[in-house]
Amino acid sequence: MEDKIEDNAGMGTKPQVKDLLAHMDPMIYLAGTADNTSEMLLYLSDMDPAFHKLLLVKSLRKGMREELSAVIEGLVEDYLKEHKGKMRSENPVDFLLEKVVSEEKFNDFLKNVKLSLESSVQDITNHFDDEIVTGMFANYEETTYASPNNSNESSLNSSLNQSGLLFLHPAQYHNIAKCLQSRKDREACNDSLNILLAVTPCEPVMQDCWCDLKKGLRECLFDDTPEIFDKALKVHCKLLTSQVHNAVKEAYLNLLGAVAGFYMSKRFLSKIPLKGENINLNSCANIIRLLKILIDFQKELPLLWIRYPERFVDDMVEATFNLLGLNLSIKDNKQMTVLDMYSVIDPQASWLRKWVHGQWGRSKTFSAMRSNSMVLLHSVSFCIKHLENVTEISQVDTREIISSSLVSHLRFVHSINVIMAVLEYSDGRKLFPVNVPSKEELVTMQGIIQTLIRAVNCNISEIINIEVSSLLNKFCSHDEMKSWILCDAGVVELLLQEVSNFDNLPQQKKELKGDLEKMIPSSYIKAVLVILDTILATHIGQKYILLGRKRKSSSKSGLSGIISSPAHEVMNLVLHILRSKHASSDLKRISISVCCNLLASPIGMHMCAKHPLIESVIEHLKNKNKSVSTEKISLGIDPRRSELLHLSVPQSLPLLTTLLLSYKGFFLLESEGVLPLALTQVLPEMARKGTLNAKILASVCCSPQGCSVVGSLKVLQPFWDILGHVAKGEELLQQTPTEEEKEEAIEAAAAPLMALTATYQGTQLVFSEQGLLRAVSESLYSPSEMLTEMHTIALRLLACATSVLDSVAFLQASFGYQDELLAQQLQTRSGEGDSIIVDENSILRNHILVKSYMMGSSSERWLPPIDIDELSTSSMPPLFSQYPAPRDYIPIKPIRSMHKKQNEVWRFLTDTRHGLHDIGWLNHCRKAVRAVLSSGEHIKWALITSESRWQPFRLTLQCV
């Protein structure tokens with residue numbers, strides 16, 4: 001045994017046991033007992049950093065590493081081999097831990113440690129008197145060891161001892177519980193709470209008298225004495241922040257019970273605010289503080305509840321909704337319910353949104369809401385009732401009082417947030433319809449959405465318009481499914497039905513014509529535009545508004561039999577706003593966004609190209625173009641008569657950009673003669689913002705006029721400069737970027753120029769004096785640039801340009817690039833032979849030369865790879881330095897057999913050539929023809945129908 005202890009570096013020896021006792025002596029002394037030593041050690045391991053420096057702990061860890069490391073490595077290796085390097089769905093650590101614990105070596109190690117500790121403790125006990133005489137912590141066997149705190153007194157400096165935590169005897173907890181329940185002696189009750197604050201957080205919950213302690217703490221939360229209430233609340237907060245799951249659950253449930261106690265007892269009903277009256281924050285401060293702590297904890301709970309036992313989470317979620325549903329079914333209840341108090345503290349219902357964010361928590365939450373449907377039912381009922389009787393929010397001078405109108409609005413905001421949080425998920429939508437007592441029919445999710453939209457249409461309140469529009473915007477932002485829910489509920493039709501009434505203005509009110517602020521409240525029209533913009537931001541919303549929908553008679557939206565195609569109505573609304581002199585810039589910005597989303601679809605551009613709004617935009621550009629309209633007037637052509645748009649240049653840029661990105665819009669601007677002006681406004685601004693991308697350049701370069709404008713604006717040089725910086729690594733955030741990151745950055749920077757060279761007009765622009773001829777030529781042909789990154793980029797641009805035959809002819813006729821590339825290939829020969837050094841640039845040059853020299857499809861020529869990574873030793877193309885190109889690039893055409901496979905019809909006709917051609921033969925022939933037609937095989941119709949002997953077969957074809 002002694003040998004074993006020495007081998008493990010004194011594991012469990014007397015010096016190590018003494019070191020541990022010295023560390024724990026102050027705590028045992030303060031507790032007055034050693035009964036809770038196990039709890040002390042567990043808490044020390046979690047909370048005290050000095051615990052891990054103890055000699056015994058270090059020795060145990062070292063021994064485990066030496067004894068069990070080989071076992072653990074072997075188990076891990078076997079686990080990976082068994083699962084082929086893939087982890088299973090379960091936690092592999094738990095699986096391997098079970099394996100390690102069940103190993104024989106671990107049991108032997110544990111047995112040796114226990115024997116060593118028992119021997120050391122027995123030795124200390126037998127020689128206790130000698131230890132007192134010689135000093136409890138004297139050196140043992142003349143060996144020196146260092147305690148983590150370096151001295152006997154310094155053990156008091158540990159973080160645990162400095163915190164003053166106590167470890168009480170169970171009988172002391174019984175006395176504390178009796179004192180808290182009676183609360184006759186305020187001073188004794190205060191001392192008891194101080195003791196509970198001083199003990200370890202999890203210890204009270206582990207006692208047999210926890211039920212009595214819990215009841216006493218709950219009674220303290222009803223106390224009017226601020227000191228007792230504060231300390232009782234601190235005890236609960238300390239339990240909520242502990243690491244023990246049971247302690248957290250018990251504290252949370254006890255706080256919920258305390259809130260329910262305010263409603264269940266007549267003594268405390270006076271502390272709850274009354275419905276329809278102002279709230280005095282001082283009179284209900286205690287219950288508001290309780291709810292505030294509960295809501296803060298509920299917001300953090302989803303971050304931790306996956307670690308909790310599932311039954312704990314079920315209990316907490318179920319208890320939460322039981323509390324929220326308390327007294328909701330009582331009609332004559334004068335006090336505000338818990339749900340109403342929640343709305344004052346957290347009107348956005350952010351705790352509920354966090355609970356339903358994850359799939360696991362969502363299933364728990366909606367299951368509890370299904371069991372206790374009063375929460376959702378009350379929210380829907382109050383939302384409908386509030387919209388029917390809306391009052392203005394009155395302001396109160398003091399901060400201690402919340403007006404009743406503000407409380408009512410907060411309850412409405414909380415209700416619609418709860419409803420929308422439920423509607424966001426398919427499991428939540430299954431909770432509808434709900435049976436609202438004030439309604440004859442069930443309230444569906446389409447019905448509640450229509451109620452909100454009708455409230456916006458009625459323009460009940462500006463703040464309601466803002467709340468509803470912002471919530472719907474958040475609800476279906478870039479979500480196709482949620483956008484379809486709004487469309488299916490008839491949101492678009494309801495909004496446009498009311499807005500269209502403003503287009504028919506009375507002729508007698510000339511002074512109001514165009515005065516949008518007097519005709520339509522800005523908050524209402526802004527809410528309409530925000531909702532429409534949110535729907536149009538999705539593909540389903542665009543399709544719905546552009547193509548319309550015929551609703552079935554069984555439609556739940558209440559719009560059965562209506563055929564809607566609201567695209568032109570949306571464009572009319574936008575046109576109406578853009579013509580107004582008094583519309584705010586914010587309204588114009590949102591209306592232009594609506595119009596751009598509508599025109600972004602090819603169908604939208606096709607349907608709305610002839611709308612008066614597009615004509616007004618073109619007329620607006622013509623008025624800014626000095627070279628247009630004077631010639632038409634001199635020829636006697638009447639200009640278009642339409643009201644002018646009141647748009648600034650920044651406001652018109654998104655609309656012009658949308659038109660330029662579509663081919664129909666681009667050629668519409670070109671045909672009207674305003675393309676140069678549109679490009680002059682859009683391209684410099686996009687270049688300044690850094691949003692000038694390959695997509696718009698590819699659209700612009702489809703036209704020679706567009707290319708000339710791009711060349712005159714000189715927007716290409718910055719692209720080349722950026723390429724140069726990226727090639728040198730100056731534009732990358734990291735100081736030492738990897739090769740992959742550098743290639744990705746170069747590819748992104750070169751994309752706009754690649755888009756230009758993909759067209760003939762763009763190639764002419766890039767390789768012109770106005771473009772990048774000088775810079776690209778220098779990178780292509782200069783000997784000093786042959787080994788640089790810019791030479792490779794220039795070759796890639798040339799490879800892209802030579803994909804178009806017109807560009808090949810233009811480049812060869814203008815610059816003779818083929819001779820230059822052949823000369824460069826000649827310079828890269830290795831030695832005196834004809835073999836050429838293979839690198840990235842020689843592969844690129846070879847690709848360009850083959851593509852330029854040999855014309856035809858893939859069956860007429862073989863194009864070598866453009867990327868060196870695509871090559872292998874077996875597929876290495878022959879590099880050459882003079883024309884003609886090797887014959888390896890001409891594919892060998894296989895000699896096809898003239899005898900094709902006979903199909904079923906041919907075999908049938910051949911076999912029955914000399915037989916009787918009766919009605920039976922005709923039926924069999926018909927089956928053969930149908931089989932061949934369905935299989936897709938080829939029939940030689942000309943050969944069959946030309947011979948007279950196949951006359952019966954021609955009859956068969958007619959029958960088929």
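Below, each value reflects all heavy atoms present in this structure, side chains not excepted, and no hydrogens, waters or symmetry copies.
Judged purely by atom type and a 3.5 angstrom limit, Ser591 uses its side chain to pair as donor or acceptor with the backbone of Leu587. Glu462 places no side-chain N or O within 3.5 Å of a backbone atom of Ser523 that could act as its donor or acceptor partner. A donor-acceptor pair is defined here as one N or O able to donate and one able to accept, closer than 3.5 Å; such a pair exists between the side chain of Ser242 and the backbone of Leu239. No side-chain donor-acceptor contact under 3.5 Å links Asp488 to the backbone of Trp484. Formation of a donor-acceptor pair under 3.5 Å by the Asp533 side chain with backbone atoms of Leu529 is not found in this model. Counting only distance, with no hydrogens or angles, the side chain of Asn278 and the backbone of Ser404 share a donor-acceptor pair below 3.5 Å. In this structure, Ser483 contributes its side chain and Asp479 its backbone to no donor-acceptor pair below 3.5 Å. Judged purely by atom type and a 3.5 angstrom limit, Ser343 uses its side chain to pair as donor or acceptor with the backbone of Asp340. Using a distance-only test at 3.5 Å, with no hydrogens or angles considered, no donor-acceptor pair links the side chain of Asn465 to the main chain of Ala527. Put simply, the side chain of Ser469 gets close to the backbone of Ile466: a donor and an acceptor are under 3.5 Å apart.
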Audit row: Phe312, His245, ring pair (Phe, Tyr, Trp, His ring centres under 6.0 Å) steps and yes/no: CA-CA 8 Å; Phe312 283 11; His245 300 156; 7.3 Å; no
Chi angles and distances behind the side chain to side chain contact (heavy atoms under 4.5 Å, CB included) call for Ile592, Leu578: CA-CA 8 Å; Ile592 289 173; Leu578 296 183; 3.9 Å; yes
Audit row: Met374, Met369, side chain to side chain contact (heavy atoms under 4.5 Å, CB included) steps and yes/no: CA-CA 8 Å; Met374 291 303 300; Met369 293 184 73; over 6 Å; no
Test log, rule side chain to side chain contact (heavy atoms under 4.5 Å, CB included), inputs Cys383 and Val418: CA-CA 10 Å; Cys383 180; Val418 169; over 6 Å; no
Stepwise salt bridge (charged side-chain N to carboxylate O under 4.0 Å, His left out) test for Arg429 and Glu424: CA-CA 8 Å; Arg429 293 192 284 271; Glu424 280 189 13; over 6 Å; no
Val574 vs Lys588, side chain to side chain contact (heavy atoms under 4.5 Å, CB included): CA-CA, chis, key distance, verdict: CA-CA 8 Å; Val574 174; Lys588 291 184 178 180; over 6 Å; no
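Counting only heavy atoms from C-beta outward, the side chains of Asn459 and Tyr524 approach each other to under 4.5 Å. A 4.5 Å side-chain heavy-atom check between Ser379 and Ile416 finds every atom pair outside the cut-off. Side-chain contact between Lys334 and Lys275: absent, with no pair of heavy atoms (C-beta onward) separated by less than 4.5 Å. Side-chain contact check for Tyr308 versus Met316: some heavy-atom pair is nearer than 4.5 Å. Within the 4.5 Å cutoff, the side chain of Pro433 has no heavy atoms near those of the Val443 side chain. Looking at heavy atoms from C-beta onward, Trp351 lies out of side-chain contact with Leu294 at the 4.5 angstrom threshold. Here the side chains of Met264 and Leu326 are in contact, with some heavy-atom distance below 4.5 Å. A heavy-atom distance below 4.5 Å is found between the side chains of Leu546 and Ser601.
Side-chain contact, Thr538 with His478: no donor N or O sits under 3.5 Å from an acceptor N or O. In summary, the side chains of Asp346 and His414 do not present any donor paired with an acceptor at a separation below 3.5 Å, with no hydrogens or angles considered. A donor-acceptor contact closer than 3.5 angstrom is absent between the side chains of Gln298 and Trp355. No hydrogens or angles considered: a donor-acceptor pair under 3.5 Å links the side chains of Thr320 and Tyr252. Checked by atom type, the side-chain pair Thr534/Asn473 shows a donor-acceptor distance below 3.5 Å.
Of all heavy-atom pairs between Ala489 and Ile449, the closest is CB-CG2, 4.1 Å. In terms of heavy-atom proximity, Phe262 sits nearest to Leu221 at CZ-O, 3.9 Å. Scanning both residues, Glu400 and Asn282, for their nearest heavy atoms gives OE1-ND2, 3.1 Å. For Pro273 against Cys284, the heavy-atom pair with the smallest separation is CG-SG, 3.8 Å. When every heavy atom of Leu180 is checked against every heavy atom of Gly216, the shortest pair comes out as CB-CA, 3.8 Å. The two atoms that bring Val356 and Thr365 nearest to each other are CG1-CG2, 3.9 Å, heavy atoms only.
For the pair Lys364 and Trp360, the cation-pi test (distance below 6.0 Å, angle within 45°) is passed. Remark: Arg267 fails to qualify as a cation-pi partner of Phe222 under the 6.0 Å distance and 45° angle criteria applied to the six-membered ring.
Note: Tyr425 OH to Lys430 NZ = 15.0 Å, rounded to the nearest 0.5 Å. Remark: Ile535 CD1 to Leu472 CG distance equals 8.0 Å, nearest 0.5 Å. To the nearest 0.5 angstrom, Ser438 atom OG is 12.5 Å from Phe382 atom CZ. A distance of 12.0 Å separates SG of Cys595 from CG of Leu532, quoted to the nearest 0.5 Å. With rounding to the nearest 0.5 Å, the separation of OG in Ser408 from NE2 in His386 is 4.5 Å. If you take CG on Leu255 and CG on Leu291, they are separated by 10.0 Å, rounding to the nearest 0.5 Å.
Here Glu227 pairs with Lys231 in a salt bridge; the nearest charged N to carboxylate O distance falls below 4.0 Å. Between Asp314 and Arg311, no side-chain nitrogen of the basic residue sits less than 4.0 Å from a carboxylate oxygen of the acidic one, so the salt-bridge criterion is not met. In this structure, Lys474 does not pair ionically with Glu467, as no charged nitrogen and carboxylate oxygen lie closer than 4.0 Å. For Asp296 and Lys292, the salt-bridge test passes: some basic side-chain N is under 4.0 Å from an acidic carboxylate O. One finds no salt bridge joining Arg218 and Asp223 here, because no Lys/Arg side-chain nitrogen approaches an Asp/Glu carboxylate oxygen to under 4.0 Å. Residues Arg370 and Asp427 are not paired through a salt bridge, judged by the lack of any N-O separation under 4.0 Å between the basic side chain and the carboxylate.
Under a cut-off of 6.0 angstrom, the local environment of CD1 in Ile603 is sparse, with at most 12 non-hydrogen atoms contributed by other residues, nucleotides or ligands. At most 12 heavy atoms of other shown residues, nucleotides or ligands fall within 6.0 angstrom of atom NZ in Lys215. Within 6.0 Å of CD in Gln348 there are more than 12 heavy atoms belonging to other residues, nucleotides or ligands. Counting non-hydrogen atoms of neighbouring residues, nucleotides and ligands closer than 6.0 angstrom, the NZ atom of Lys299 exceeds 12 such neighbours.
Leu613 pairs in a side-chain contact (heavy atoms from CB on, under 4.5 Å) with only one of the listed residues (Leu598, Leu599, Leu575), which is Leu575.
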